[in-house]
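Note that these values count all heavy atoms, side chains included, but never hydrogens, waters or copies made by symmetry. Quantities reported herein were computed from a predicted structural model and do not represent experimental measurements.
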Amino acid sequence: MSRAFGSIRQSQVITTYGPGALIDLPTHSAIVGGLDTWPKDLQEIVEPRLSQALQRVTAVPAPRLYAPPPAPSEPWAPAKGIGAWRFPEWFVVQERGFFAGSESAGRQQSRRLVQRRALDERGRFENIAVVPTRFVRACPRGHVDDVDWPAFVHGPEERCRRQLWLDERGTTGGLGELTVRCECGRSRNLSEASDIGANPLGQCRGSRPWLGRNTNEECSQNSRLLIRTATNAYFPQVASVLSLPDTGAAVQEAVIAVWDVLQAVQDAAQLTVFKSVPKVAEALAPFEDDQVLRAIEEVRSGTGQLRPLKEAELEALLGADEGYGDEPPTEANFHARRLPESAWRSGTDNGERIAAVVQLHRLREVLALIGFTRLDAVTPDIHGDFESDVMRAEIALAPRWFPAVENRGEGVFVELGADAVAAWLERPAVADRVTKLAKGYEMWRQTRNTQRPFPGGAYVLLHTLAHLLVQALAMRCGYPVSSIRERIYAEDLPSGRRYGVLLYTGTPDAEGTLGGLVQQGRHIENHLADALRTAALCSNDPICAQHVPDESAATLESRPLHGAACHGCSLIAETSCEMRNDFLDRALVVPVLGVEDAAFFTLPE
């Protein structure tokens with residue numbers, strides 16, 4: 001497309017409508033173009049930890065991060081957009097009140113199926129409006145293509161050029177009510193296209209229309225029927241980190257402070273020229289030129305020693321100084337203070353299981369899109385990393401950079417006592433419950449292409465606790481549940497195994513958020529009590545409470561990654577959850593019906 005047909009927010013390019021996403025524009029159906037269609041003069045986002053993590057996962061050397069093009073600041077300013085390709089190529093003619101079939105057979109509407117090349121310059125067929133067909137074919141590797149409708153009706157060997165019709169009977173629009181018919185007399189019900197075992201749509205051709213024409217690649221997968229607007233049509237793979245202060249790299253901090261000038265430096269001669277700028281000379285005065293050049297290259301490429309993403313974050317959170325955060329922040333992107341116990345601890349039994357509360361008055365989160373899948377989602381592991389050999393679709397022909405956004409906001413970090421968690425894991429009832437959850441995971445893993453181990457009982461405890469606290473905090477902090485996100489930490493540090501949950505919110509606005517969430521850290525025991533009381537009884541109990549994950553595959557309700565968890569108690573918006581609402585069990589948090597002895601906390605009075 002050569003002109004603007006719609007608009008989306010910058011953050012939506014990373015999370016919902018990135019390259020390869022199927023999108024309905026006001027007058028067209030399209031697929032968002034790859035990075036090769038994006039404008040060149042984009043704003044760079046500097047986050048060395050994330051850049052190096054992406055290099056390890058994607059094998060792209062020294063990847064850079066760039067923000068999607070923003071909306072023009074002035075109404076008359078030229079717009080910079082991202083490309084999109086019209087897709088699919090098959091359309092349904094909006095027939096003018098044409099109905100076929102007898103009254104006894106029921107009302108049946110028939111509409112012609114036509115290809116794009118049969119349309120006139122106005123996008124109409126015989127002066128009649130058309131709409132894109134809602135059915136395409138795809139494979140788990142992310143490829144997407146038009147359904148070969150003639151081959152579907154007649155078979156792959158027989159080709160017929162007569163007119164195809166889509167017969168619709170009934171009002172639900174279900175596959176069983178749709179039949180593709182040829183004027184030669186052959187027809188086939190669309191429900192047969194969903195039979196994966198019969199392979200009715202043939203082998204995938206490796207089509208990648210978001211990268212342009214002639215970009216197919218080899219693929220051995222079988223094609224599956226996909227509805228363009230279905231939720232499984234696009235699963236972005238988004239990596240995220242929190243920006244952390246690096247006290248051991250003062251030269252790098254100085255370089256980042258004047259990066260808007262130094263990003264153009266390539267050698268010592270250019271550095272000498274740029275040091276004539278007063279603010280650059282002042283920032284770099286304590287350092288030698290070779291130190292500065294090395295730091296410039298590290299910032300540009302994201303090289304250097306990289307610790308596991310969440311391990312470094314957890315250590316920074318636990319190392320926060322004690323205080324109330326009312327002093328001027330020393331770091332614009334990370335200002336955390338461990339709240340004095342006198343400000344939040346009231347001596348309750350459940351409160352004793354909390355080791356510390358840290359208020360993040362300022363935080364910066366950077367999210368980058370590295371690829372996507374269709375049909376099945378792929379999430380990062382419990383340490384925040386994606387597997388390097390995971391199946392994903394590329395967002396550019398030869399990726400050298402990735403789109404990213406940065407959010408600034410606030411949060412509350414709650415650490416559970418490591419000794420209390422270790423003692424809880426040793427209880428026989430807890431070990432039995434965790435074993436059942438692990439069996440459910442193993443059943444699920446047999447149908448997925450993953451080698452990840454079960455995350456463990458401590459992670460399920462923390463994850464469920466985070467969901468319950470999010471719902472409790474949303475009642476008083478001023479932010480809805482969908483605006484609060486989680487990061488779960490169960491990491492091995494030099495000081496030992498440590499556990500905690502970070503609940504935070506953020507916005508792309510440069511000034512961040514307003515402080516409503518961070519101040520709730522002072523009332524964490526009250527929020528915990530509210531969360532536990534609410535979670536003790538679900539509106540779907542006893543069905544929810546007595547759900548056993550290692551037996552669910554044998555029933556009509558297949559939820560092998562859930563214990564006592566459902567939409568009535570523990571599930572929240574998937575935009576808030578780092579695991580797409582998997583690995584949840586409130587029986588590990590609070591006593592529930594039929595499972596009273598596996599909970600970490602007791603029921604408040």
Between E491 and R497, is the salt bridge (charged side-chain N to carboxylate O under 4.0 Å, His left out) condition met? List the steps. CA-CA 6 Å; E491 304 292 330; R497 188 79 167 171; 5.9 Å; no

From CA spacing to verdict: side chain to side chain contact (heavy atoms under 4.5 Å, CB included), V412, L360: CA-CA 6 Å; V412 176; L360 272 79; over 6 Å; no

Stepwise side chain to side chain contact (heavy atoms under 4.5 Å, CB included) test for I382 and M579: CA-CA 8 Å; I382 64 173; M579 280 291 176; 4.0 Å; yes

Could you walk me through whether R392 and E394 pass salt bridge (charged side-chain N to carboxylate O under 4.0 Å, His left out), step by step? CA-CA 6 Å; R392 72 171 61 87; E394 298 289 356; over 6 Å; no

For a salt bridge (charged side-chain N to carboxylate O under 4.0 Å, His left out) check, start with the C-alpha distance between D585 and R433, then their side-chain angles and the critical distance, and finish with the verdict. CA-CA 10 Å; D585 186 7; R433 187 71 178 181; 2.7 Å; yes

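More than 12 heavy atoms of other residues, nucleotides or ligands sit less than 6.0 Å from atom CD of E352. Residue D432 places its CG atom among more than 12 non-hydrogen atoms of other residues, nucleotides or ligands, all under 6.0 Å distant. For E596, the CD atom counts as densely surrounded, since its 6.0 Å shell holds more than 12 non-hydrogen atoms of other residues, nucleotides or ligands. Atom OH of Y66 is surrounded by more than 12 heavy atoms from other residues, nucleotides or ligands within 6.0 Å.
Ion pairing between a basic and an acidic side chain is recognised when a charged N comes within 4.0 Å of a carboxylate O; D582 and R559 show no such pairing. The pair E442-K439 does not meet the salt-bridge criterion, since no charged nitrogen lies less than 4.0 angstrom from a carboxylate oxygen. By the 4.0 Å N-to-carboxylate-O rule, E315 lies too far from R498 to be salt-bridged with it.
Aromatic pair Y504/F413: ring centres not closer than 6.0 Å. Aromatic rings from Y234 and F372 are positioned such that their centres are separated by under 6.0 Å.
In summary, of the residues considered (R408, R364, E406), a side-chain hydrogen bond (donor to acceptor under 3.5 Å, both in side chains) with S243 occurs for R364 alone. Here the rule is salt bridge (Lys or Arg N to Asp or Glu O under 4.0 Å) with E578, and of R485, K310, R487 only K310 fits it.
Aromatic ring pairs are classed by plane angle as parallel below 30°, tilted from 30° to 60° and perpendicular above 60°; the pair H467 and H463 is perpendicular. The aromatic rings of F583 and Y441 sit tilted, their planes meeting at an angle between 30° and 60°.
Side-chain N or O atoms of S570 include none that pairs as donor or acceptor with a backbone N or O of T464 at under 3.5 Å.
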